[in-house]
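Here is the structure we will look at, set down as C-alpha cells.
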2 protein chains.
Amino acid sequence: MSCQNFSMNNNSPTARNAAYYTEAAPILVAVDCIILGYDDDRLKLLSFKRKVEPFQNEWSVIGSFVNPSESVDDAAVRVLEEYTGLQNIFMEPLGCYGAVDRDPGARVISQAFFALIRLDEKEVQTVETHQAHWFDLSAVPKLILDHNQMVSDTLEKLYRKARYRPIGFELLPEKFSIPQLQNLYETIYGRTLDRRNFRKKILSMDILDKLDEKNKSSSRKGAFLYRFNQSRYQEMAEKGFDFEM
Amino acid sequence: MSCQNFSMNNNSPTARNAAYYTEAAPILVAVDCIILGYDDDRLKLLSFKRKVEPFQNEWSVIGSFVNPSESVDDAAVRVLEEYTGLQNIFMEPLGCYGAVDRDPGARVISQAFFALIRLDEKEVQTVETHQAHWFDLSAVPKLILDHNQMVSDTLEKLYRKARYRPIGFELLPEKFSIPQLQNLYETIYGRTLDRRNFRKKILSMDILDKLDEKNKSSSRKGAFLYRFNQSRYQEMAEKGFDFEM
DNA sequence: CCAAAAGTGTTATCGCTACACCCATGA
DNA sequence: TCATGGGTGTAGCGATAACACTTTTGG
C-alpha cells in the first residue's frame with residue numbers, strides 16, 4: 001500500500017490542501033471493526049462500552065478515527081490491536097457507512113471491517129480491562145449509531161463468503177474436530193448438515209491433517225482432532241476451488 | 001439512509017466538530033465511479049480526461065469529493081449523473097481506497113463504486129461533451145492514482161458477482177438475444193460456454209420472457225429477442241437461488 | 001450397562017458436460 | 001446455392017442427498 005513516489009516538503013493534509021482541492025470540505029473518517037468469535041457452539045460478537053461522548057457507556061463495536069499518517073487499513077489493524085492485543089488477525093473490509101446524519105457528533109463516515117478471531121483464554125483478560133462483552137449473536141443489544149446494521153451486514157457477508165473461502169478455520173482453535181467444524185458451518189448457514197456428507201466432503205478436499213489426539217470435551221468417545229493445512233489449500237485455491245458446503 | 005432523529009441547530013461539520021471529536025483530523029473524502037458498458041461484444045470502461053490539477057488531462061475514472069450535505073452513496077449517484085446524464089443505474093460499492101499517499105494533492109480517501117450501464121446511442125453525446133472515451137478493457141491506458149487498481153478490482157467483483165446475481169442484464173439492452181447474453185457471460189468469465197447448455201440453463205431459470213421479435217443484426221436467420229423478467233427473478237431470489245453459469 | 005456423541009457406505013437422483021446436425025436467411 | 005449464425009436432444013458421468021447402524025467410553 002505504499003506509494004512514496006512523490007517528493008513533498010510536508011506531508012500533513014493541511015499543507016497539501018493548500019495547493020489543491022481547496023474547495024473540498026473535510027470530513028471525519030473513522031474505522032469500525034466488527035469482531036466475531038465462536039465459542040460454546042455459538043457465534044459471538046465482541047462489544048465495548050463506548051468511552052467518549054456522545055453515547056458514552058452505550059454498547060458499540062470498536063472504532064477510531066483514521067490518523068493522517070496511517071492508511072485506512074492500518075487504522076483498522078491498529079484499533080483491533082489496541083482493544084484486543086491481537087495481531088495477524090483475519091480482517092476484511094465490510095463497507096463504507098456514509099449517511100449524512102449517522103453520527104450526531106459530527107459528519108463522520110466510517111469504513112467498517114470485520115474480523116474473525118479464535119476464542120482462547122487469552123482474550124478474556126483484554127475483554128475485562130476494556131469493559132467489553134461477548135454477546136451471543138442471537139442476543140445482541142441495541143448498539144450505537146448504525147452498528148447493528150454493520151453487524152447484520154457482517155453476518156450476510158460471512159454467510160456468503162464461507163461458501164468460497166475457508167474462513168471457518170479462522171474462528172476455530174488450531175486443532176479442532178470434524179463435529180466442531182460442522183457445528184460452526186451449521187451456525188453460519190443456519191441449517192443442519194448431514195454428518196456423513198459433511199465429513200466426506202471436507203475430507204475429500206484434502207486440506208485437513210488428521211492428528212493423533214482426541215478432543216474428549218464433548219463426548220465420552222472423543223473426536224479426533226484435525227489441523228487446517230494452509231499451504232495445501234493455497235495450492236488448490238490457485239487452481240480454482242470452491243468450498244461450497 | 002435517512003436518520004434524522006437528532007435535533008441540532010447546525011448541521012455543518014465544523015459546528016458539530018466543535019462539540020465532539022475535537023482531536024480527530026479531518027480527511028478529504030471522495031467517491032470514484034468505475035463505469036462499465038458492453039458493446040460490440042466487448043466490455044468497455046468509461047474514462048475521462050481529468051479537469052483539475054494535479055494530473056490534469058490524464059485519464060481517470062469519474063469522481064468527486066463528498067459534500068457535507070450528501071451521503072457517500074448520494075455523492076456517487078450525483079457524480080454518475082453529472083457525467084453521464086443517467087439515473088437509476090445499477091451501482092454497487094466496490095471498496096475503500098485509503099493509502100496515505102495515494103493522492104499527492106492531499107490526504108484523500110476514496111470510496112469507489114462500480115456501475116453497469118447499457119450502451120445506447122444516447123450516452124455518446126455526453127461522452128463527447130466531457131472528453132470521455134470508452135476503452136476496451138483489454139486496452140485500458142494508465143489511469144491516475146490507484147484507478148487502474150480500482151478497475152481490476154471491479155472486474156474481479158463482476159466475475160464473482162455474476163455467479164450469484166443476474167447483473168449481466170444491466171449491461172445489455174432491454175431486449176437481447178440468447179447468443180448476445182451468452183457472449184456477455186463468456187466475456188465476463190473469460191472462457192467459452194457450450195451453446196446448448198447455456199440456453200438450456202438460462203431458460204430453465206424461467207426468468208426470461210421470449211418476444212416475437214428477432215434481432216437480425218448479427219445473422220441472416222436472426223435470433224429471437226428476450227426480456228429479463230425482474231419480478232419473477234425477485235420471487236425466486238427470495239427462495240434462494242443461484243445463478244451459476 | 002446405558003446414554004451420548006463419533007464414526008462409517010451405499011444407493012438414487014440430479015445436474016452438468018460433452019457432443020453433431022438441421023434451419024432460416026440474405027447475398 | 002452457400003455461408004453464417006441460430007436453434008435443438010441425448011447419453012454418460014460425477015456430485016449431491018438421503019438414509020441407519022456400530023463404536024467408544026465415562027458415569
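Below, chains carry the letters A, B, ... as their sequence lines are ordered, and counting in each starts from 1.
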Side-chain ion pair, K161(B) and E92(B), N-O less than 4.0 Å: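 Judged by the 4.0 Å cut-off on N to carboxylate O distance, K161(B) and E92(B) do form a salt bridge.
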Between E213(B) and K175(B) (salt bridge meaning N to carboxylate O under 4.0 Å), is one present in this structure?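 Yes.
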Atom [atom1] of [X] and atom [atom2] of [N]: how far apart are they, to the nearest Å?
X	N	atom1	atom2	result
R199(B)	dA18(C)	CZ	C1'	17 Å
F198(A)	dA5(C)	CZ	C1'	16 Å
K214(A)	dA6(C)	NZ	P	10 Å
K210(A)	dG7(C)	NZ	P	7 Å
Y189(B)	dC16(C)	OH	P	12 Å
N215(B)	dG5(D)	CG	C1'	12 Å
I202(B)	dG6(D)	CD1	P	16 Å

To the side chain of K216(B), which of dG6(D), dA6(C), dG26(C) is closest?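 Side chain of K216(B) sits closest to dG26(C).
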Whether the side chain of D40(A) engages the backbone of R42(A) through a donor-acceptor N/O pair (distance < 3.5 Å, no angle test) should be reported.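 It does not hold such a pair.
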Look only at the side chain of D146(A) and the backbone of Q149(A), and say whether a donor-acceptor pair between them is shorter than 3.5 Å.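 No, D146(A) side chain to Q149(A) backbone: no donor-acceptor pair under 3.5 Å.
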Counting distance alone, no hydrogens or angles: does the base of dG7(D) have a donor or acceptor under 3.5 Å from a partner atom on the side chain of R195(B)?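 Check passes, donor-acceptor contact within cut-off.
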Does any donor atom in the side chain of Y97(A) or D73(B) lie under 3.5 Å from an acceptor atom in the other side chain?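 Not at all, the side chains of Y97(A) and D73(B) share no donor-acceptor pair under 3.5 Å.
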When you check the side-chain N and O atoms of D206(B) and Y233(B), is any donor under 3.5 Å from an acceptor?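 Not at all, the side chains of D206(B) and Y233(B) share no donor-acceptor pair under 3.5 Å.
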Scan residues 218-229 of chain A against DNA chain D and write down, sorted by residue number, each residue with any heavy atom closer than 4.0 Å; if none is found, say none.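 Residues of residues 218-229 of chain A under 4.0 Å from DNA chain D: R220(A), K221(A).
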Whether W59(B) and F135(B) hold their rings parallel, tilted or perpendicular, with breakpoints at 30° and 60°: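 Plane angle over 60°, so perpendicular.
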Hey, could you give me the CD/CD1 distance between E170(B) and I89(B), rounded to the nearest 0.5 Å?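 Nearest 0.5 Å value for the CD-CD1 distance: 8.0 Å.
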Could you pull out all donor-acceptor pairs under 3.5 Å where a side-chain atom in residues 218-227 of chain B meets a protein atom, sequence neighbours excluded?
from	atom 1	to	atom 2	distance (Å)
S219(B)	OG	G222(B)	N	2.9
R227(B)	NH1	E174(B)	OE2	2.5

Contact pattern, 5' to 3', of nucleotides 9-17 of chain D - B, S or - by protein heavy atom under 4.0 Å: BB-----SB
